[in-house]
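Heavy-atom basis, side chains included; hydrogens, waters and symmetry copies ignored.
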Amino acid sequence: MAVLAGLAQSAPAAEIKLLTTGAMKEVVLSVIPEFEKRTGHKVTVDNATAGVLSRRIREGEAFDVTVNTPAMIDDLIRAGKIAAGSRFDLARVGVGVAVKQGAPLPDISTVDAFKRTLIAARAVAHGDPTGLGSSGIYVAAMLARIGVADTIKGKTILVPGGLVAERVATGQAEIGLHQISEILAVKGVTLVGPLPAEIQNYTTYAVGLGAAAKDADAAKALIAALAAPNVEAVLKGRGMERAP
């Protein structure tokens with residue numbers, strides 16, 4: 001065992017490229033420093049929407065580990081871009097409502113109250129569904145389903161990528177609708193709360209190993225670090241929970 005431990009310690013440090021969705025970016029960044037210190041590996045992180053990441057991988061971008069939705073991971077496994085059997089569901093997160101820090105908290109306790117809040121707001125921001133982000137696609141469909149999409153269309157700000165709540169922090173929008181983890185990542189805003197249960201949507205995020213990872217053992221070690229029990233505290237602090 002001592003010989004094996006010595007070999008592990010003398011293994012050369014690897015450079016790992018991780019592609020992640022924005023919702024999981026802060027969680028990933030919270031895990032990496034301790035992982036790098038413990039292993040000596042270096043991790044480079046790049047983030048984009050789920051759909052954009054999937055397209056980049058399909059087009060041949062090199063990567064070692066990726067965090068995306070389970071459906072995207074499975075599609076990439078079928079395409080031979082992610083190693084079969086490597087998918088692990090990490091976490092899930094719901095959609096929340098943000099206002100500028102210090103602003104009165106609107107009533108979102110029921111679907112009807114939520115609708116009134118949107119109609120009364122000066123401007124509402126959410127992800128642009130054409131940007132292929134999970135929450136943007138869901139929110140656009142949900143607003144149409146509850147019958148307010150046309151009513152608020154003229155004051156809706158579609159954010160093509162990045163943090164929707166930044167538009168709230170700068171005052172461009174009065175209300176922001178985005179995944180809770182991404183709202184909590186923005187300074188100058190307050191999370192009012194999650195959407196009412198009847199219209200809530202949880203997005204699950206999974207991790208997968210690149211089929212052409214440069215150092216598969218190092219990449220697997222990073223995946224293990226993301227899946228470790230101690231990460232649950234990080235998830236909770238970001239408004240997320242372990243995937244059921």
Task: Working for side chain to side chain contact (heavy atoms under 4.5 Å, CB included), residues E26 and V234 - done: CA-CA 9 Å; E26 295 301 319; V234 176; over 6 Å; no

Task: For T44, all residues meeting side chain to side chain contact (heavy atoms under 4.5 Å, CB included), sequence neighbours excluded - done: none

Task: Residue pair K236, E232: steps toward the salt bridge (Lys or Arg N to Asp or Glu O under 4.0 Å) verdict - done: CA-CA 6 Å; K236 185 176 180 180; E232 292 185 19; over 6 Å; no

- [ ] Heavy atoms only: give me the nearest A113-T110 pair and the separation to one decimal.
- [x] N-OG1, 3.0 Å

TODO: To the nearest 0.5 angstrom, please state how far the NZ atom of K100 sits from the CZ atom of R167.
DONE: 14.5 Å

Open item on the list: Could you tell me if the side chain of S135 sits less than 4.5 Å from the side chain of L177, heavy atoms only?
Closed with: no

Open item on the list: If you compare all heavy atoms of K81 against all heavy atoms of G60, which two are closest, and at what distance to 0.1 Å?
Closed with: NZ-CA, 4.3 Å

Open item on the list: Test of understanding: clusters of I, L, V, M, F, W, Y form through side-chain heavy atoms closer than 4.5 Å, transitively. Do L53 and V28 belong to the same one?
Closed with: no

Task: Separation between OG1 of T49 and CE of M72, rounded to the nearest 0.5 Å - done: 8.0 Å

- [ ] Could you grab the distance from atom CD of E59 to atom OG of S54, nearest 0.5 Å is fine?
- [x] 9.5 Å

TODO: Keeping the roles fixed (side chain from T66, backbone from L19), state whether a donor-acceptor pair exists under 3.5 Å.
DONE: yes

Task: T170 (side chain) donor-acceptor with E166 (main chain) under 3.5 angstrom - done: yes

Open item on the list: When you compare the side chain of L235 with that of E241, does any pair of heavy atoms fall below 4.5 Å?
Closed with: no

Task: Full working for side-chain hydrogen bond (donor to acceptor under 3.5 Å, both in side chains) between S109 and D107 - done: CA-CA 6 Å; S109 59; D107 185 3; 2.6 Å; yes

Open item on the list: Side-chain heavy atoms nearer than 4.5 Å, only ILVMFWY residues, links allowed to pass through others: does that put I73 and V52 together?
Closed with: no

Open item on the list: Given M24, which partner from the list N47, V207, V67 fulfils the side chain to side chain contact (heavy atoms under 4.5 Å, CB included) test?
Closed with: V67

- [ ] Taking the side chain as every heavy atom from C-beta outward, state whether N201 and M142 have any pair of such atoms under 4.5 Å apart.
- [x] no

TODO: Taking all heavy atoms of I180 and all of G239, pick out the closest pair and write down the distance.
DONE: CG2-CA, 3.9 Å

- [ ] Mind running side chain to side chain contact (heavy atoms under 4.5 Å, CB included) on L226 and V231 for me, showing each step along the way?
- [x] CA-CA 7 Å; L226 291 169; V231 178; 5.7 Å; no

Task: Between CG on residue N68 and CD1 on residue I57, distance to nearest 0.5 Å - done: 6.5 Å

Show every donor-acceptor pair shorter than 3.5 Å between a side-chain atom in residues 145-158 and any protein atom, with sequence neighbours excluded, or say none if there are none.
from, atom 1, to, atom 2, distance (Å)
R145, NH2, Y138, OH, 3.3
K155, NZ, L118, O, 3.3
K155, NZ, I119, O, 2.4
K155, NZ, A121, O, 2.5
T156, OG1, I152, O, 2.7

Open item on the list: Let's go through Q179 and Y205 carefully: what are the C-alpha distance in whole Å and the side-chain angles of both, what is the deciding distance for side-chain hydrogen bond (donor to acceptor under 3.5 Å, both in side chains) to 0.1 Å, and is it a yes or a no?
Closed with: CA-CA 12 Å; Q179 287 168 328; Y205 292 99; 2.7 Å; yes

Task: Shortest non-hydrogen contact between P196 and V111, atoms and distance - done: CG-N, 3.9 Å

Open item on the list: Between D64 and K17 (side chain of the first, backbone of the second, donor and acceptor by atom type, cut-off under 3.5 Å), is there such a pair?
Closed with: yes

TODO: Measure the CD-CG distance between E36 and L222 for me, rounded to the nearest 0.5 Å.
DONE: 9.0 Å

Task: Over all atoms of both residues, closest heavy-atom pair of S30 and R238 - done: OG-NH2, 3.3 Å

Task: Cationic N near anionic O, under 4.0 Å, E15 to K214 - done: no

Open item on the list: Please tell me whether L163 and V139 are part of a single hydrophobic cluster in this structure, the criterion being side-chain heavy atoms less than 4.5 Å apart.
Closed with: no

Considering only distance and modelled atom types, tabulate donor-acceptor pairs under 3.5 Å from the side chains of residues 181-191, sequence neighbours left out.
from, atom 1, to, atom 2, distance (Å)
S181, OG, A23, O, 3.0
E182, OE2, A23, N, 3.3
E182, OE2, H178, NE2, 3.4

Task: Least distance between heavy atoms, A218 atom then F35 atom - done: O-CZ, 4.0 Å

Task: A243 backbone acceptor or donor facing D89 side chain under 3.5 Å - done: no

TODO: Using a 4.5 Å cut-off on heavy atoms from C-beta on, say whether the side chain of I137 contacts that of P129.
DONE: yes

TODO: Could you check if a side-chain atom of I175 sits within less than 4.5 angstrom of a side-chain atom of V168, using non-hydrogen atoms only?
DONE: no

- [ ] Find out whether L18 and F63 are in side-chain contact, i.e. whether some heavy atom of one side chain is under 4.5 Å from a heavy atom of the other.
- [x] no

Open item on the list: Starting from I82, can I reach V45 by hopping between I/L/V/M/F/W/Y residues whose side chains sit under 4.5 Å apart?
Closed with: no

Open item on the list: For the backbone of A227 and the side chain of R242, can you confirm whether one donor and one acceptor N or O come within less than 3.5 Å of each other?
Closed with: yes

Task: Residue pair I16 / K42, side-chain heavy-atom distance below 4.5 Å - done: no

Open item on the list: I'd like to know if R56 and D46 make a salt bridge, using a cut-off of under 4.0 Å between side-chain N and carboxylate O.
Closed with: yes

Open item on the list: Could you check whether T130 and D128, counting side-chain N and O atoms only, form a donor-acceptor pair closer than 3.5 Å?
Closed with: yes

Task: Connected via hydrophobic side-chain network under 4.5 Å: V164 and L195 - done: no

Open item on the list: Evaluate E174 against V99 for side chain to side chain contact (heavy atoms under 4.5 Å, CB included), listing each step before the verdict.
Closed with: CA-CA 6 Å; E174 185 178 347; V99 296; 5.7 Å; no

Open item on the list: As an exercise, state the distance from CD1 of I108 to NZ of K115, rounded to the nearest 0.5 Å.
Closed with: 15.5 Å

Open item on the list: Could you check whether any side-chain heavy atom of R92 comes within less than 4.5 Å of a side-chain heavy atom of T203, counting everything from C-beta outward?
Closed with: no

